[in-house]
There are 2 protein chains.
Amino acid sequence: MQVNGGDLQRLRQLNLLSSIRALREATGPLTLTELAARTGLSRGSMVDVVTDLQDRGWIAEVEPAPGGMGRPAKRYRFRADAGHVLGIDIGVHKVLAIITDLAGRAVASGRVAVTPATTRDERLEAVDRAIDAALVAGGLTTLDLWGVAAGSIGVVNREGMVTRVTALPDWAGVDLIGHLGRRLSCPITIENDSKLAALAEQRLGVAAGVRDLVYLHAGRRPGAALILNGLLHHGFSGATGEVGLMDITGWRTMAGHLENSPAAAGAAPEDAAGLVFASARTGDPAALAAVDAYADQLALGTAAMVLTLDPELVVLGGGFSRSADVLLPALRRALEPHCLRVPEIRPSTLGEECVSLGAACLALDHVDDRFFSPQGSISRPAAPQRLT
Amino acid sequence: MQVNGGDLQRLRQLNLLSSIRALREATGPLTLTELAARTGLSRGSMVDVVTDLQDRGWIAEVEPAPGGMGRPAKRYRFRADAGHVLGIDIGVHKVLAIITDLAGRAVASGRVAVTPATTRDERLEAVDRAIDAALVAGGLTTLDLWGVAAGSIGVVNREGMVTRVTALPDWAGVDLIGHLGRRLSCPITIENDSKLAALAEQRLGVAAGVRDLVYLHAGRRPGAALILNGLLHHGFSGATGEVGLMDITGWRTMAGHLENSPAAAGAAPEDAAGLVFASARTGDPAALAAVDAYADQLALGTAAMVLTLDPELVVLGGGFSRSADVLLPALRRALEPHCLRVPEIRPSTLGEECVSLGAACLALDHVDDRFFSPQGSISRPAAPQRLT
DNA sequence: TGAATATCTATGGACTCCACAATAAATCGG
DNA sequence: CCGATTTATTGTGGAGTCCATAGATATTCA
């Protein structure tokens, strides 16, 4: 990363930023002495910096901690409520909008149910309603939003266009940025939903702090996403983790092992997998065989990614991860013969909010990028405007 | 990257660093005015910074450019000769040590031929002789080296141990850092040879500036390496790009398509591939079939990586890349049915020095890391000492 | 030779940080 | 309740760095 110098005000800016960073990364409020220790500044300068940040509205004073010897120190906290970001999951069955503060804590959400048959325009309208509901719930307006990210199924290119989608017939080519931009004046990012789920797990979930991981979306439509060197890997055209497109992996058809299993005879396709996993849990041989057959195929594509990337961790997400107790051991067994080293595999924990939370994380990342970039200014807290 | 503030000397340090960076990235020497424009400093401060750098020995004055109006401006250049790094390729058939200056220009090299039958100790002795030869050729001593990196076949873990190697029976477990550390006091890095070749291509070769690429080592022992987000991807245990270990890719046996081709009947195994490519170039049907069969298998593993990562570029390296005119079109054709988007494929250009040059690039990266890290100091130019 | 152009050099002022000393507010023990 | 102790806050002087501006210098062109 470029480390640019500059004049004295730039130095002050760097010190303001590292103080903000220290306060955000701390678990609770910090005293002046603690802040000085973390930023490396002297106490005297810390006073200047903190009063500056307070004047600008970035931090707030908290009542002193009770107890302890000596004069109680003033304590300061980052004003996470100075701004908010919005994360949206535009799924096949639901649209979920979550508003978080600058610390990533969810403060409000709005949810609208949709179906695979919902048309493009109806789905976009559902997005608007979910956003409105979240804003109302949070007592906020669009002007309070500093960044927005949305997750969509399908391949999303660098310009935010959905270029390829199979599950929804009329969704390809939708201009989500254009649609959202009509109402929202803050920067907008679009990303693939599995990628956002992976990001959420790496920030808030079972993969917290892991730098290299493969996220498996095990469900009726399988997929995968990668986090490499701590960053979401987007790829040149957005089509990463698509190893399932190779016929030899069998990912296109592997859900059939579950849906067509005699253990799920007569069930609707969307319920079949759950029944098979439940039967497998009780030891039903046919169900166990179906799970093993599914895991064998899932392992084939997974092994290709693991051998390519040698990740520290594999996260098992998607609808079938609810049955991780059955599926995960089968997957590990199936990976064994293919891999040099089978990485640790953990089931996803974030549930159905994972895509929205991941979107909020991505929006927060972009807010941070603007602040911590060499050109970034730190005026008063305010929502940034889109350039376009 | 963390950008920490600090006191006024830290600000000066940042300005020194960005001036050094500007001079290194420029194509030729720069005047004070030009430097001031690139760093954003005022002219007056630029004078201070430049005299500082000159006093410390980091930059040197160059005679003014002739012609032009007005008083001729003094010009300054980065003293790339202030330090050197060493890159070593420890291969099956040769050991090649290259010394470069801080700009990455090769200034001297030493080469020692070895064979697959060379024992571990003999090979290590060959390494020492190659280093000595390069030092003699450059008129340098080990104290002039600021960093060393070596490329070895096999899997190299984060600690620099060679953990898995098939081509040389007694090479696994060799303690290269320990061996080199007995003579060299600078920081030492060990890395897999294909990874270094990929790095060289991304810095100096056909992939200059590309952020995401897959490097294919097409030769008698196939392999692959990845550059992701502009950085070498090392993986958790160093075993990246090992997709060829999956039996369904057929990478273990695909060289047999060339070596057992009737077009190479009677030739020694190490010459067979060259003969087949030559015959294919003349249109020989048996040779063309062999190349296609080889390319089909190579494409299988390549497609798995491309679908996983969606890279901008694939670089075709390794011994067979000398026949890229024949192999590359076949590979592209074979990739077509597997991939959503077949990335651009370019043949490697760096020849047999690529691993050594990549090693030098890696050593230079580590030198830069120390300088541009927040804690990095910029005292007088001097070789850093190893911590251990 | 003199005008034009661009660079070099020197000075004063503004800003930021640091070190040190004096002051303020709490707890603890008698 | 009061002083000793502990810790935090406030204030002052000094040093380092950068900027703006003005005058001196060196080269080209007419």
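Values in this document were obtained by computation on a predicted structure and should not be read as measured data. Just so it is clear: chains get the letters A, B, ... in the order the sequence lines come, proteins before strands, and each one is counted from 1.
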Do side-chain atoms of A:T39 reach the backbone of A:L35 as a donor and acceptor pair under 3.5 angstrom? yes

How would you list, by chain and number, every residue that makes a side-chain contact (heavy atoms from CB on, under 4.5 Å) with A:A149, sequence neighbours excluded? A:T189, A:A359, A:L362, A:A363

Who passes salt bridge (Lys or Arg N to Asp or Glu O under 4.0 Å) against A:D7, sequence neighbours left out? none

Identified side chain to side chain contact (heavy atoms under 4.5 Å, CB included) partner of B:S19 from the options B:V50, B:V49, B:L30, B:L14: B:V49

Axis-to-axis angle across the helix from C:dT1-D:dA30 to C:dG30-D:dC1, five pairs an end, to 10 degrees? 0°

Partner of A:I99 by side chain to side chain contact (heavy atoms under 4.5 Å, CB included), out of A:V85, A:I88, A:L140: A:L140

Output the residues of residues 36-52 of chain A in contact with DNA chain D, where contact means a heavy atom of the residue under 4.0 Å from an atom of the strand; sort by number or write none. A:R43

Residues at least two apart in sequence or cross-chain that pass side chain to side chain donor-acceptor pair (under 3.5 Å) with A:S185, listed by chain then number, are none

Comparing nearest nucleotides in DNA chain D, the 5'-proximal residue of the pair A:R75, A:L8 is A:R75

Calculate the interatomic distance between A:K74 atom NZ and C:dA26 atom P; express it in whole Å. 12 Å

Under the side-chain contact (heavy atoms from CB on, under 4.5 Å) criterion, do A:V107 and A:T100 qualify, and how do the steps go? CA-CA 5 Å; A:V107 298; A:T100 77; 5.9 Å; no

Take the protein atom CZ of A:R10 and the nucleotide atom C1' of C:dC17, then report the distance between them rounded to whole Å. 17 Å

Table please: side-chain donor-acceptor pairs of residues 51-60 of chain A below 3.5 Å, with sequence neighbours left out.
from	atom 1	to	atom 2	distance (Å)
A:T51	OG1	A:V47	O	3.0
A:T51	OG1	A:D48	O	2.8
A:D52	OD1	A:R56	NE	2.9
A:D52	OD2	A:R12	NH1	3.0
A:R56	NH1	A:I378	O	2.7
A:W58	NE1	A:S379	O	2.8

How many Å lie between CG on A:N15 and P on C:dC15, as a whole number? 17 Å

Can you check nucleotides 3-6 of chain C for protein contacts, nitrogen or oxygen pairs under 3.5 Å, and list what you find?
from	atom 1	to	atom 2	distance (Å)
C:dT5	O2	B:G70	N	3.4
C:dA6	N3	B:R71	N	3.4

Mind checking what makes salt bridge (Lys or Arg N to Asp or Glu O under 4.0 Å) contact with A:R43, not counting sequence neighbours? none

Given C:dA26, C:dC8, C:dC17, identify the nucleotide with an atom nearest to the side chain of A:P72. C:dA26

List the residues meeting salt bridge (Lys or Arg N to Asp or Glu O under 4.0 Å) with A:D368, not counting sequence neighbours, and say none if there are none. A:R24

Could you list all the side chain to side chain donor-acceptor pair (under 3.5 Å) pairs where at least one residue sits in residues 202-211 of chain A, not counting sequence neighbours? A:R203-A:D365, A:R211-A:N229

Which donor-acceptor pairs under 3.5 Å do side chains of residues 73-81 of chain A form with protein atoms, sequence neighbours excluded?
from	atom 1	to	atom 2	distance (Å)
A:R75	NE	A:E63	O	3.3
A:R75	NH2	A:E63	O	3.3

Would the distance check show the side chain of B:E312 and the main-chain N or O of B:V210 forming a donor-acceptor pair, the cut-off being under 3.5 Å? no

Need two values: the first and the last nucleotide of DNA chain D, 5' to 3', having an atom under 4.0 Å from any heavy-atom of chain A. D:dT6 to D:dC19

Figure out the CD/C1' separation between B:Q13 and C:dC17, and round it to whole Å. 16 Å

